[in-house]
Each structure stands twice: as C-alpha cells, then as structure tokens.
Trainee: 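The structure that follows is given in the form of structure tokens.
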Amino acid sequence: QNNAPVTFTDAASGIVFNSWSIANGPQTKGGFTFGVALPSNALTTDATEFIGYLQCAANDKKGWCGVSLGGPMTNSLLIAAWPHAEDVYTSLRFVPGYDMPAVYTGDAKITQVSSTINSTHFTLIFRCQNCLKWNQAGSSGGASTKSGALVLGWVQASPSPGNPTCPDEITLEQHDNGMGIWGAVLDSKAANPSYSAWAATATKTVK
Ligand code: HEM
C-alpha cells in the first residue's frame, strides 16, 4: 500500500482526490482504494469534514468494506459501506473492542455525490461532515489534517451484511478479505479551493 498519495480526478464530478490503494492480490481479493478531498485550508487548519472516495471489491455485488478514520478498529469512527440493488449504503459505527461495532451516536453525517456498482466492485463518493473528531461513551479522538497525514484503517469482507437496506440494523460477520492500517500522507493536491462547491453536490442520502 502506498503512503505517498496518488492524485486523480474523478471524471464525472471533477473532484480531485489524494488516494491510496492496495492492488488485487493475496492481501485483498479485488483490491481496495480510498481517497480524500479536503477543504481549501485543511493543510493549515484542521478540517472537520472531507469528501471520500471508496472503491471496494464486491464480487457479484456482494460484500462490504470499511474505513477506520483513526487507524485501529477500536475507539475510532468507522465507516462501513456495501452495495445493495442500485445503491451503496453506509453506516457510521464505533466500538471499544473487537466486536460488532455499535451505531455511532455523534453528529457525523454522510451524504453522497455519486455511486456506481458493477459485477466486481462498487464505488462511492461521499461527503462526511463532522467525521474528523469523534466521541462515544467517553471515548474521544480525531484526525488532524494540518498534520499532513492521516492514520487510516481498511477492511474488506466477502459476504453481504444482513438487513442491508437498514444501516442501523445491519448484521456483519468478522471481515474476511483483508485488513490493515496505513499512514496516508497528504500533499498539496488534497486541499482544494473548489471543496465547498464539490461538497454542495453531495445531496443524496441513502438509508
Ligand atoms: C481488525 C473483529 C467489524 C475495521 C479486527 C480484528 C478483529 C476484528 C478480531 C483484529 C484481527 C487481527 O489483528 O488479527 C471484528 C468483528 C466485527 C468487525 C467481530 C463485526 C462483527 C469491523 C468493521 C470495521 C472494522 C465494521 C470498519 C468499518 C477493522 C480494521 C481492523 C480490524 C480497520 C484492522 C486494524 C486493527 O487491528 O485494529 N476486527 N471486526 N471491523 N477491524 Fe474489525
């Protein structure tokens, strides 16, 4: 997995992302990519939100993936995402131990710019507001964008969640298609003067 970012522009939205990927291989079948776009001043002032890019493996449209915004699974804000029918669903979660994460009770919020699903992968571009600081049951933390790097975790799983159309009620098996923690270095392309305009296009809520 790269630590230095790869910058790319999403063709449909024009959003510029710093991204980090794991190729299809023994570490994770199908490969995995996560990217972020940040508010224009995020490299000097800690941002509270970002636009995320997730491309996850979903063979035959099955499976789920996740990102930990703090690195470890525990005591970090978690985003789980999965495809179902025409939509990509998400659930913000939090957990003190290595068990099924509970629904996150803070004010973080995901809205979507776009999603695509094909026979091998799904892709989601989403705005995550109030996602870079978290607090649940006395456990608080956060990620600092002005530090110039994020510590992030990833997981992928092959079976689909149970209750897939009801994000608060999903059931999951322990992930079975790879996991890891990486240092996601940000470069000057991560923050963009167009952030506010891009964020305003995240108007879709899937729940
Ligand atoms: C790691 C269990 C759901 C993110 C782990 C590990 C266990 C575990 C036991 C450590 C394995 C090892 O080090 O060998 C579970 C169970 C889950 C679950 C039982 C649900 C039933 C999730 C979800 C996410 C997630 C929903 C994110 C959305 C991670 C990440 C790691 C990890 C990023 C690697 C970093 C670390 O070791 O802390 N999980 N997990 N997990 N899990 Fe989960």
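In this chain, residues are counted from 1 in sequence order. Both ligands and their constituent atoms are indexed starting at 1 by order of listing.
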Trainee: Hydrogens and angles aside, do Asn18 and Thr7 bring a side-chain donor and acceptor to less than 3.5 Å of each other?
Mentor: yes
Trainee: Going by the atom numbers of ligand 1, which of them fall below 4.0 Å from some non-hydrogen atom of Leu172?
Mentor: 21 (C), 26 (C)
Trainee: Got a sec, which residues hit side-chain contact (heavy atoms from CB on, under 4.5 Å) with Asp168, two or more places apart in sequence or on another chain?
Mentor: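 Asp168: side-chain contact (heavy atoms from CB on, under 4.5 Å) contacts with Val103.
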Trainee: Closer than 4.0 Å to some heavy atom of Ile181 - which atoms of ligand 1 meet that?
Mentor: 35 (C)
Trainee: Which heavy atom in Met73 sits nearest to a heavy atom in Pro101, and how many Å separate them?
Mentor: CE-CG, 4.2 Å
Trainee: Just to be sure I read this right, does ligand 1 sit under 4.0 Å from the backbone of Trp64, its side chain, both, or neither, counting only heavy atoms?
Mentor: side chain
Trainee: Contact between Phe32 and Gln27 at the side-chain level, heavy atoms closer than 4.5 Å - yes or no?
Mentor: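 Of all side-chain heavy-atom pairs linking Gln27 with Phe32, none is under 4.5 Å.
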Trainee: Around atom 43 (Fe) of ligand 1, how many protein N, O or S atoms are closer than 2.8 Å?
Mentor: 2
Trainee: For ligand 1, which atoms sit closer than 4.0 Å to a heavy atom of Pro72?
Mentor: 38 (O)
Trainee: Under 3.5 Å, side chain of Ser19 to main-chain N/O of Val6, donor-acceptor pair present?
Mentor: yes
Trainee: Should Lys62 and Asp60 be marked as a salt bridge (Lys or Arg N to Asp or Glu O under 4.0 Å) after you check the CA-CA gap, both sets of side-chain angles, and the distance that decides it?
Mentor: CA-CA 5 Å; Lys62 291 190 182 67; Asp60 216 9; 3.7 Å; yes
Trainee: Scan side-chain atoms only and decide if Tyr195 and Glu49 contain a donor-acceptor pair under the 3.5 Å cut-off.
Mentor: yes
Trainee: So which protein heavy atom does atom 20 (C) of ligand 1 come closest to, and at what separation?
Mentor: Met100 CA, 3.6 Å
Trainee: Just do the side-chain hydrogen bond (donor to acceptor under 3.5 Å, both in side chains) check on Thr44 and Asn41 with the steps written out, would you?
Mentor: CA-CA 6 Å; Thr44 49; Asn41 65 352; 5.5 Å; no
Trainee: Using a strict threshold of under 4.0 Å (side-chain N to carboxylate O), is an ion pair present between Asp87 and Lys204?
Mentor: yes
Trainee: Which ligand 1 atoms, with their elements, are less than 4.0 angstrom from a heavy-atom of Ile79?
Mentor: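 Ligand 1 atoms under the 4.0 Å threshold to Ile79: 28 (C).
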